[in-house]
Amino acid sequence: LERFQTPSPFGPARKDAEGVQGGSGNAAVALNYFINRKNAICVLTLKGSVANDSEGAFSACVEEAVKTPTKYFVLNLSGVAGFDSSGLRHFALFQQKLRQSATLILCEIPGDISNQLKTNGVVRDSEIQADLMAALQFVLLCEKKGGKP
Amino acid sequence: MSTPSREIILAMKNSIVGDTYSLAFESCFNGLSTSSCNNLEEIRAAIRRNPEACVLLDLELTGTGINDLFVDRDALAKRAVLLFLGGEKSLIPEGIDPSGIHFLKTEPELKDLVAKMEEAFRISDLAAQFCKIAPHQLHARSRILPCNVFVKLSEGKYVKVMNSGDDFDKEALDRFLGKKIPYLYIPRDGYLSIMQAVLAEANALIEKPETITVQSAAAATMGVFHSMQSLFEVDGFTPQVQAMTMVSVNLARGTMKKNPKLAELLAKLDANRDSYIAWHSTALSFLSCKLATALDWKSDGTFYKLSLASMLHDLTLPNDDLAKVHDKVATGDVKPTEEELKVIVRHPIQGAQLLRGMSDEVPGEVAFIVEQHHERADGDGYPKGLSMKDISPVSALFIISHDLVDEMYRVTPGNFDMEKYLFVCESDKRFTKGAFGKEFREIMSKLKDL
């Protein structure tokens, strides 16, 4: 497991993800995560494939993310290359842990993965936004309503 | 999206909203950094630290007491962008340049905010791409042009009139002067290379004071002043412009330590009358020091204060014509508009503001000299209409020197008559009536001995 904390992971992560999706793409890439935090807003960007062995990466990510009090977790899935069915449970638990202390917003879910997650009931429609800007706009909307989604 | 490698400073009442904006900007502009401020003092300090920053302000946080911020930005950080959430243009005080100040509705859509920010950066960057230079300055500095030369048609619109490598000879100079084009514009990089040559000449003189002559010092000081003026107009009073100011101050000090004759000073200054503000500031620097010498106030500290005040007292005026106006009722040849008149009345305060914002420690008295240089004996001056009891002796000396230099400019070079000037001053009691008393009389009496 590699862990990164970069000031602005959005660009590179997105570019890498396109590379994975656009390539021959069969080799599963271990799941990594990136954290970009501005005080109580935390953007978590996942990169790689979600599989049975992703449990450790999710645990490490949650452990690191919840160390600081957080009001909003924005989960950016733009770098996720694919979901192995055995990884879905880990992903569901991962979301559950993030929801315990904050509002969760998912964004940038690649189209095929979105269908897969919805079909399996792993994600909630109300938490999904198209892209990062829409997710951040949703944060602003919540703040306007007194911090409630 | 294009990448301004600049800083956005956020000042939002709701910190989570500010943090959300930060994340949005960082995701849209590669290489951009963000920081946050919690009050006006922090914002003012931030634009002094980074004069190219863009400040996104929530009026709910800052309130309407933001005049000092506008004044700071106008004087010290012209490239800084102020983007307000809430409010409208009427918030901008009179006399403040509104370019680079934008207003958006409160709670804008993120995409609108990012688009506005990108537009603000683009306009600010475009304005910084060109620096103005007077035709005769360009002719004096670069016969073979190091870069293309442009004429400004309107804000952000320039048309090329000469190519890099062209010969900017006397004929070319006369062509532009004949068309009454006060300034040409050259790309910033080309300007900076010319400016480096000007500074190198000035520094060579400062390093070898024995080589300084009134003629070389006057020419070099005016060259440095032109560079200061151009960069100030584009960037504000940045550390680079402040350093150039000190070069011209040191030149004047070096020259006046040699105590040249007044006649020699006048003759050499008369030879360089192309730009009013540059001539006026340089002449004032030399003449005020000369008068101080006559009063036996010839310490280096006094020369320093007077030279620094001379260089900065009119720097905030946008053009020569406005600098020629000396009465708030504008009785001279130049008839400024109402708006220009407000700029004129404000400029002593803005000049003082420059001094108070200098990174090097400057004696507080210098800012007062600049602030008071248009005050008058009868309390009819501006901006405050002070009377003698509120004006220090060194300010009084500066006011007289300022008047003297202005009078010298009005007559044909070589024809200035000190006796006549003193007679007129005595007749109209411009310095001696009311409470303006003996200090002025003493200073005036010394004029006869110069």
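Quick note on labels: first sequence line is chain A, next is B, and so on, each numbered from 1.
Distance check, rounded to the nearest 0.5 Å: OG1 of B:T20 to CD1 of A:I41 gives 3.0 Å. Put simply, CG on B:L113 and CG on A:L140 are 9.0 Å apart, with the number rounded to the nearest 0.5 Å. Of the inter-residue distances, the one linking A:K38 atom NZ with B:S15 atom OG reads 12.5 Å to the nearest 0.5 angstrom.
Heavy atoms of B:E109 lying under 4.5 Å from chain A belong to its backbone as well as its side chain.
The neighbour count for B:R49 CZ, taken as heavy atoms of other residues, nucleotides or ligands under 6.0 Å away, is above 12.
A pairwise comparison of heavy atoms in A:A40 and B:I16 identifies CB-CD1, 4.3 Å as the closest pair.
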Could you pull out all donor-acceptor pairs under 3.5 Å where a side-chain atom in residues 128-139 of chain A meets a protein atom, sequence neighbours excluded?
{"from": "A:D131", "atom 1": "OD1", "to": "A:M133", "atom 2": "N", "distance (Å)": "3.3"}
{"from": "A:D131", "atom 1": "OD1", "to": "A:A134", "atom 2": "N", "distance (Å)": "2.8"}
{"from": "A:Q137", "atom 1": "OE1", "to": "B:L110", "atom 2": "N", "distance (Å)": "2.7"}

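B:D19 is not listed as a side-chain neighbour of A:R37, based on a closest heavy-atom distance of 4.5 Å or more.
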